[in-house]
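Below: the structure, in structure tokens.
Quick note on labels: first sequence line is chain A, next is B, and so on, each numbered from 1. The structure displayed is predicted, hence computed values, not measured ones.
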There are 2 protein chains.
Amino acid sequence: MTESDRAEDELTPPPEGTGAISAHMTVDRQASHFKRARQARETEIVEDYVELVADLIDEQGEARSVDVAKRLGVTGATVNKMIARLKEMDLVNAEPYRSVFLTDEGRKMAEASRARHHIVVALLRAVGVDEATAWADAEGMEHRCSPETLAAFADFVKKQKL
Amino acid sequence: MTESDRAEDELTPPPEGTGAISAHMTVDRQASHFKRARQARETEIVEDYVELVADLIDEQGEARSVDVAKRLGVTGATVNKMIARLKEMDLVNAEPYRSVFLTDEGRKMAEASRARHHIVVALLRAVGVDEATAWADAEGMEHRCSPETLAAFADFVKKQKL
DNA sequence: TACAATTCTTAGCCAAGGCTAACTTTTTAG
DNA sequence: CTAAAAAGTTAGCCTTGGCTAAGAATTGTA
Ligand SMILES: [Mn+2]
Ligand SMILES: [Mn+2]
Ligand SMILES: [Mn+2]
Ligand SMILES: [Mn+2]
């Protein structure tokens, strides 16, 4: 197969009913989708920790690392290391042997994550997903929805409720 | 705050309108959601590579690693290492300096990923997300939907079309 | 108050998935 | 056929996010 057969970065006509690149898709556009996806993949763990710290503070008055560990299903050592990173990122304040607090920035991220999380659950419920599955799947999907998609979800849920 | 105030692994009454743990959620259940999410996070890169290899084969007759790299937006070295892993996992066959082929297992995974990918795009379109955003967001969400959710999506799209 | 249980910290390990730089092989053009 | 360009390989580096094991600090209880 020679280079001229390939038409690298051109629009390629969709060959058959395969999953191949289609009219609106170019090599560069696809690469940028993958890059955004990798970016979101990087931030999702941080978002989960911060949201969970907020949940614990709001439910129990404080976020102890042992509770963070239990709810995430990871070890205390893992939590400890992550808390250090969050501190470095100015998302939390933490002193040795004391529980964890959110900075203003951290609280903001937590609220945003929580809101996204709830919109995704609501959308899943609205299209017929059962509650248990909705909560399970939302834990991953929540981090991968753009603001545009979240807006569409919120809109849809609201309209569908009327 | 003492231990008895906390009621660790019991159902906790939702304190306020916060995002806190709610009736159907326990510490263990939440931990298992996070574990599933971490699992999906691990497999998603493999799925993307395999699906993309299938796309290239179906569109262009072969999957060259330079094309995989271009579409993913990563370097050739990165692709090379991942191809070695996929080979180890029996998802692809590959010889040095030659292009990549899917094993039966790899083809199966590719078809499944592709199908999921398309269902997610269709769902997003169906609830009002524009095409560009739908393709962008689906690239991440596709890996985080359970079979149950995908079934609900397919169902919803089908009904909504009538 | 003492001691036991719990929690927290630290060190060291590992795999995944990126990268750059240098080199080899294959492919293309002249 | 040969030289240049393109593609592929390899080595070495880095960060992230897990883990275990060992020990230190805190907290609960007798
Ligand atoms: Mn969340
Ligand atoms: Mn999550
Ligand atoms: Mn896909
Ligand atoms: Mn993807």
Pairs satisfying ring pair (Phe, Tyr, Trp, His ring centres under 6.0 Å), at least one member in residues 123-162 of chain B, at least two apart
H24(A)-W135(B), F156(A)-F156(B), H117(B)-W135(B), H118(B)-W135(B)

In whole angstrom, give the distance that lies between atom CZ of R41(B) and atom P of dG18(D).
7 Å

Could you tell me which residues satisfy side chain to side chain contact (heavy atoms under 4.5 Å, CB included) with A134(A), sequence neighbours excluded, listed by chain and number?
V121(A), L124(A), R125(A), V129(A)

How close or far is atom P of dG18(C) from atom CD of E42(B), stated in whole angstroms?
13 Å

S65(B) side chain, from C-beta outward: closest of dG18(C), dG8(D), dA7(D):
dG8(D)

Please name all residues satisfying side chain to side chain contact (heavy atoms under 4.5 Å, CB included) with E42(A), sequence neighbours left out, ordered by chain then number.
Q39(A)

Is any side-chain nitrogen or oxygen of R64(B) closer than 4.0 Å to OP1 or OP2 of dG8(D)?
no

In whole angstrom, give the distance that lies between atom CD1 of I45(A) and atom P of dC19(D).
11 Å

Mind jotting down which residue pairs meet the side-chain hydrogen bond (donor to acceptor under 3.5 Å, both in side chains) criterion with at least one end in residues 91-106 of chain B? Sequence neighbours excluded, please.
E62(B)-S99(B)

Rounded to whole Å, CD of Q39(A) lies from P of dT15(D) at a distance of 16 Å

Test of understanding: with side chain to side chain contact (heavy atoms under 4.5 Å, CB included), list the residues that count as partners of R38(A), not counting sequence neighbours.
F34(A), K35(A), L72(B), V74(B)

Without decimals, in angstroms, what is the distance between F34(A) CZ and dG18(C) C1'?
15 Å

Atom-to-atom span, CD of E44(A) to P of dT16(D) - whole angstrom:
15 Å

Selection: residues 74-83 of chain B, any non-hydrogen atom under 4.0 Å of DNA chain C:
V74(B), T75(B), A77(B), T78(B), K81(B), M82(B)

Every protein N/O within reach of nucleotides 24-26 of chain D N/O, cut-off under 3.5 Å:
residue: dA25(D); atom: O4'; partner: Y97(A); partner atom: OH; Å: 3.1

Sorted by chain and residue number, the side chain to side chain contact (heavy atoms under 4.5 Å, CB included) partners of S113(A) (sequence neighbours excluded) come out as E47(A), E51(A), M109(A), R116(A)

Tell me: NZ of K87(A) to C1' of dC8(C), nearest whole Å?
13 Å

What's the spacing between L162(A) CG and Q160(A) CD if we round to 0.5 Å?
9.0 Å

Close side-chain approach of D48(A) to L52(A), heavy-atom, < 4.5 Å
no

Quick one: salt bridge (charged side-chain N to carboxylate O under 4.0 Å, His left out) pairs with a partner in residues 152-162 of chain B, sequence neighbours left out?
D155(B)-K159(B)

In this structure, how many angstroms lie between the C1' atom of dC19(D) and the NZ atom of K35(B), rounded?
13 Å

